[in-house]
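Small disclaimer: the values here were computed from a predicted structure and weren't measured. Quick note on labels: first sequence line is chain A, next is B, and so on, each numbered from 1.
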2 protein chains.
Amino acid sequence: METDRTTQADYLKALAHPTRIMILELLEREGRCVTNIGEKLNLKQSNISQHLGILRSRGILSLQREGGLSIYCIKDPSALKILKMVRKA
Amino acid sequence: METDRTTQADYLKALAHPTRIMILELLEREGRCVTNIGEKLNLKQSNISQHLGILRSRGILSLQREGGLSIYCIKDPSALKILKMVRKA
DNA sequence: CAGAAAAATTATTATATTCTAATAATTATA
DNA sequence: TATAATTATTAGAATATAATAATTTTTCTG
């Protein structure tokens, strides 16, 4: 049950960044590791890692370790639905 | 056609504030003037006015002047849909 | 175990947001 | 026209966010 507006705002804030939107679009099809995302988006490793951390801390992404890699996947599909609505808005 | 992620992020940013979420909930039923919103939310006039300006500049609210009052109404219903999804997320 | 690769964390700087207070602008009314 | 009421705007200080660089941690591999 999610009625606290601060929590709602924090969730929206997590989505409200161009890089994080691109990350979500990139992960829509398949999970990816940090380096791969960094290459696709042409951004620094630490920056990507920070954005991934933000999305994960809000429960939007999940992380699983595979070998030496950190694979991030979309955990919360409603984030994608919201982005879809924003595109039409 | 809305594909620019910066624009999408800006739209989400406009929604991503507790006060602005409350304003949208308040206006869901009916249009209201600045003073009325300020009383309901117990916030300063200038602060409310600024938040309303942000929502209006993104096309989420519309403004019509009635007598001495500025009546704000929801112009973009998809903002409400998005908030509804956030509550369930 | 040592070195390399991948990722996370930290510190720093720059920028953006937010709130408050003060002021300006607009409109209504006496 | 003067005053009051409503709203908008501006300036300032406080806080939050974001990007970079540097460092640390973790894990894999030789």
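- In terms of heavy atoms, A:Ala9 sits closest to B:Ile21 at N-CD1, 3.7 Å.
- Between the C1' atom of D:dA21 and the CG atom of A:Leu43 lies a distance of 15 Å, rounded to the nearest Å.
- Not a single donor-acceptor pair, N or O on each side, falls under 3.5 Å between the base of C:dA8 and the side chain of A:Ser70.
- Residues B:Leu63 and B:Ile71 form no side-chain contact, since every pair of their non-hydrogen atoms from C-beta on lies 4.5 Å or further apart.
- Rounded to a whole Å, the CD atom of A:Gln50 is 10 Å from the P atom of D:dT20.
- Looking at the side chain of B:Leu69, the nearest of the listed nucleotides D:dT6, C:dT18, D:dA8 is D:dT6.
- Distance A:Asn47 CG to D:dT23 P: 19 Å, rounded to the nearest Å.
- The B:Lys44 side chain lies nearest to C:dA21 when the options are C:dT18, D:dA8, C:dA21.
- Rounding to whole angstrom units, CD of residue A:Glu66 and C1' of C:dA5 are separated by 17 Å.
- Distance, B:Leu52 CG to D:dT9 P: 11 Å, rounded to whole Å.
- With the nearest nucleotide of DNA chain D identified for both B:Arg65 and A:His51, B:Arg65 has the one nearer the 5' end.
- Across all strands, B:Arg56 comes closer than 4.0 Å to no nucleic acid atom at all (heavy-atom distances).
- Using a 4.0 Å heavy-atom distance criterion, A:Thr19 is classed as making no nucleic acid contact.
- Here B:Ser49 lies in heavy-atom contact (under 4.0 Å) with a base.
- A 4.5 Å side-chain heavy-atom check between B:Ile60 and B:Arg56 finds every atom pair outside the cut-off.
- Between A:Tyr72 and the phosphate of C:dA8, there is a side-chain N or O to OP1/OP2 separation shorter than 4.0 Å.
- Atoms NE2 (B:His17) and P (C:dA16) sit 17 Å apart, rounded to a whole Å.
- In this structure, A:Leu55 places its CG atom 14 Å from P of D:dT17, rounding to the nearest Å.
- Between A:Asn42 atom CG and D:dA19 atom C1' there is a gap of 14 Å when expressed in whole angstrom units.
- DNA chain C is contacted by both A:Ser46 and B:Gly68; A:Ser46 maps to the nucleotide lying nearer its 5′ end (nearest heavy atom per residue).
- Taken together through direct or relayed side-chain contacts under 4.5 Å among Ile, Leu, Val, Met, Phe, Trp and Tyr, A:Met22 and A:Ile54 form parts of separate hydrophobic clusters.
- The residue B:Gly53 sits apart from the nucleic acid: no heavy atom pair falls under 4.0 Å.
- Taking every heavy atom of both residues into account, A:Thr19 and A:Leu41 meet most closely at O-CD1, 4.3 Å.
- Each of A:Thr35 and A:Lys13 was assigned the nucleotide of DNA chain C with the nearest heavy atom; the assignment lying further toward the 5' end belongs to A:Thr35.
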